[in-house]
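First up is the structure itself, then whatever we jot down about it.
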Amino acid sequence: MADGRPRDRGDGGADVLDRLDPVVLHHIVNTLGWPDLRPLQRAAITPLMAGQDAVLLAPTAGGKTEAACFPLLSAMTEQKWTGTSVLYLCPLKALLNNLVGRVDTYAQWLGRRAALWHGDTKESVRQRLRAEAPDILLTTPESLEAMLIGVKTDHARLLGSVRAVVVDEVHAFAGDDRGWHLLAVLERLERVTGQAIQRVGLSATVGNPDQLLRWLQGSGAGSRTGQVVAPAVLSPPAGGGHDDAAPPRPAGEVELDYVGSLDNAAKLIAALHRGEKRLVFCDSRRQVEELGAALRAREVTVFLSHASLSVDERTRSEQAFAEARDCVIVSTSTLELGIDVGDLDRVIQIDSPASVASFLQRIGRTGRRAGTLRNCLFLTTSKDTLLQAAGLLLLWSRGWVEPVVPPPEPRHLVAQQLLAVTLQQHKLGDRLWDRQWNGLAPFDRSAAPIVRHLADEGFLDSDGGMLFVGPEAERRFGKRHFIELTASFTAPPQFTVLSGRTEIGRTDPSVLTEERPGPRRLLLGGRSWQVTYIDWLRKRVFVEPADGGGVAKWMNGGVAGLSYALTRAMREVLLGADPPVLLTRRAQARLAEQRETDAPGTVHSGGTLITRVGADVRWWTWAGYRANATLAATLQAVADPVQRPTDSWLRLREDLTPAAWHAARESVGENLVLPAVDPRAVRGLKFSTALPERLAVATVAARLADFEGARSVLGESARLQHDG
């Protein structure tokens with residue numbers, strides 16, 4: 001490389017790197033010291049500089065940020081973009097904090113600037129950004145909407161020049177309501193800019209990348225004008241080592257163990273891999289706290305990270321962990337996304353994540369150094385989580401990854417958007433409101449019943465053919481300049497925990513109200529705290545350090561339950577399939593015991609199984625919670641009306657006869673029924689108060705249903721097995 005440039009890849013034509021701005025290319029070689037770009041980064045240059053919508057796929061640390069930034073910065077110079085021309089959106093503030101320095105460094109190569117704006121950004125900094133707009137603005141969709149509706153920000157001046165938006169961890173948005181909120185806000189932003197905005201999604205491996213790209217395109221899917229080549233899904237070619245977007249194949253780096261309890265897991269972690277930097281994932285905040293306390297009691301240097309710890313506490317943990325060597329950080333999924341916590345030696349998973357995609361994110365944290373492999377040690381604490389982990393690893397070994405599916409029928413967010421856009425515009429034509437989202441469903445004319453309800457209930461006022469924000473919206477959402485309207489998800493109420501003036505984090509109110517003997521103690525940050533005073537009105541708890549005995553507990557705000565695919569894989573394991581990973585002797589023995597004792601009464605190789613033990617009649621479908629809830633609602637003639645279906649079975653009536661069973665099956669045909677909805681579940685749907693009750697119930701029911709899984713089960717034979 002005597003000319004100081006990356007080598008041509010020998011494709012016979014001009015090197016694609018010549019399309020990049022020469023200054024960018026110079027810094028890639030001389031500042032970063034890179035001999036070449038990765039395959040994904042090369043592949044992204046032409047489509048992104050041509051203005052294409054795209055989804056870039058690669059594992060964690062696969063170079064996706066650079067794959068997006070280098071071409072867009074080059075286009076910024078080539079096409080003379082001015083003002084804030086690129087938005088970089090992330091689902092987590094911590095991820096933005098982690099990225100802003102890197103993106104700003106790249107921007108400064110060209111005399112440009114990147115800046116940060118999210119909920120923790122000080123007002124003085126925001127004022128400066130309003131006066132001197134950065135070229136790249138890193139933010140969240142919620143903060144972007146706050147800019148659109150806020151009285152302090154001239155959104156046309158700040159955002160009117162946006163030409164491209166990068167959505168990092170786009171799969172994390174698309175899989176929940178924040179994705180619908182993101183799409184709606186981007187459509188409104190296009191109304192501000194007066195032109196289509198290029199959309200670039202960055203994602204880990206997903207099962208349906210083409211559908212994810214079409215989703216990201218919003219109203220412009222299939223109809224963008226002036227594009228040179230078609231929208232693109234870009235991923236590294238197969239065989240690209242650590243840059244390969246396909247799941248790494250088993251090579252001795254994944255191990256499955258059964259330890260029987262969280263305390264045994266702590267003993268093992270304390271004894272194994274000393275001198276190494278270990279990241280331990282748990283799937284609940286309670287587990288994080290209890291494991292952290294158990295490791296600290298064994299004199300392990302341990303740091304914690306989860307959503308209920310204060311920002312300062314999490315930041316201190318993550319920074320200390322990044323700088324230390326012989327230590328452990330215990331985290332929920334908060335460290336699953338691309339936040340940099342330094343060079344890891346090992347990932348340990350307590351029990352099992354709920355999806356293959358999540359596992360890929362986690363194992364992708366390791367194996368970044370030359371000569372090292374990705375690795376993950378599963379420590380399962382019960383027979384159920386051992387079975388789940390084995391099923392998940394079976395799916396992973398086949399290269400299967402879940403499709404990302406947006407939650408159906410987001411009517412509550414349609415109501416939120418109608419109120420937010422009325423705030424933004426101050427008034428809205430009562431016949432033209434749907435134009436604000438460029439025809440994007442479900443924010444189109446199909447939302448007319450919601451508009452009528454908002455007007456009837458006083459959320460919107462109507463006068464002279466125009467709609468205005470009404471008194472009911474002011475009453476319910478108007479505090480602090482309607483800040484409640486910009487958050488599209490609901491978190492259960494929590495109490496802030498303070499030691500002196502230092503915020504430790506937040507705890508569930510049930511920990512403060514449940515009857516317990518002795519002094520009331522909390523477990524937070526891996527330490528025990530004694531409660532000294534509770535300010536019920538301001539939701540504050542004052543504490544002081546205690547020697548032990550703290551309790552950790554949080555209510556789960558999401559819908560429980562495993563997917564059809566994962567539950568079916570667990571059934572395969574019970575029927576004898578082993579995942580091709582290293583199984584410890586303990587794991588092998590426990591699985592063998594389950595196959596001998598549990599399998600005969602729960603699985604049948606020829607279809608599903610119905611068992612009767614006394615008055616307890618169970619249909620072992622192994623179809624996942626949502627499919628089982630759908631089946632319980634559909635087969636009301638034979639299903640027990642008082643039950644909560646599980647992932648693997650649902651309860652049938654104790655007077656079930658073979659004739660009644662066959663009659664019920666025959667009567668279904670194609671007519672599946674939505675699951676019944678608990679009224680409390682509707683209250684957990686943010687903005688449900690702005691919906692007619694029947695529409696709120698229908699939204700929750702649609703999200704509880706799995707028609708495809710239910711149909712699949714109904715297509716199988718069912719074997720009736722009696723006790724004794």
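In this text the structure is predicted, and so the values were computed from the model without any measurement.
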For Ala623, is there any backbone N or O sitting under 3.5 Å from a side-chain donor or acceptor partner on Arg568? no
Applying ring pair (Phe, Tyr, Trp, His ring centres under 6.0 Å), which residue pairs with at least one partner in residues 254-298 are found, sequence neighbours left out? none
Thinking salt bridges, do Arg711 and Glu708 make one under a 4.0 Å N-O criterion? no
Could you tell me whether the side chain of Glu402 and the main chain of Val356 form a donor-acceptor pair under 3.5 Å? yes
With a 4.5 Å heavy-atom cut-off, do Pro353 and Leu392 have their side chains touching? yes
With ring pair (Phe, Tyr, Trp, His ring centres under 6.0 Å) as the rule and sequence neighbours excluded, what pairs involving residues 373-393 come up? Phe359-Phe378
Measuring only between side-chain heavy atoms, which start at C-beta, is Leu394 closer than 4.5 Å to Glu572? yes
Student check: side-chain heavy atoms of Thr301 and Asp326 closer than 4.5 Å: no
Distance check, rounded to the nearest 0.5 Å: Arg719 atom CZ versus Gln721 atom CD? 6.0 Å
Got a donor-acceptor contact below 3.5 angstrom from the Asp345 side chain to the Lys277 backbone? yes
Do the side chains of Val541 and Leu512 get nearer than 4.5 Å, heavy atoms only? yes
Can you tell me which residue pairs pass the ring pair (Phe, Tyr, Trp, His ring centres under 6.0 Å) test with a partner in residues 286-315, sequence neighbours excluded? His306-Trp554
Side-chain touch Ser648/Thr621, heavy atoms, less than 4.5 angstrom: no
Whether the side chain of Arg278 engages the backbone of Glu276 through a donor-acceptor N/O pair (distance < 3.5 Å, no angle test) should be reported. yes
Any non-hydrogen side-chain atom of Arg520 less than 4.5 Å from a side-chain atom of Gln530? no
At their closest point, which heavy atom of Phe707 faces which heavy atom of Val673, and how far apart are they? CE2-O, 3.9 Å
Asp508 and Arg285: CA distance, side-chain angles, deciding distance, salt bridge (Lys or Arg N to Asp or Glu O under 4.0 Å) verdict: CA-CA 11 Å; Asp508 195 271; Arg285 288 166 285 184; over 6 Å; no
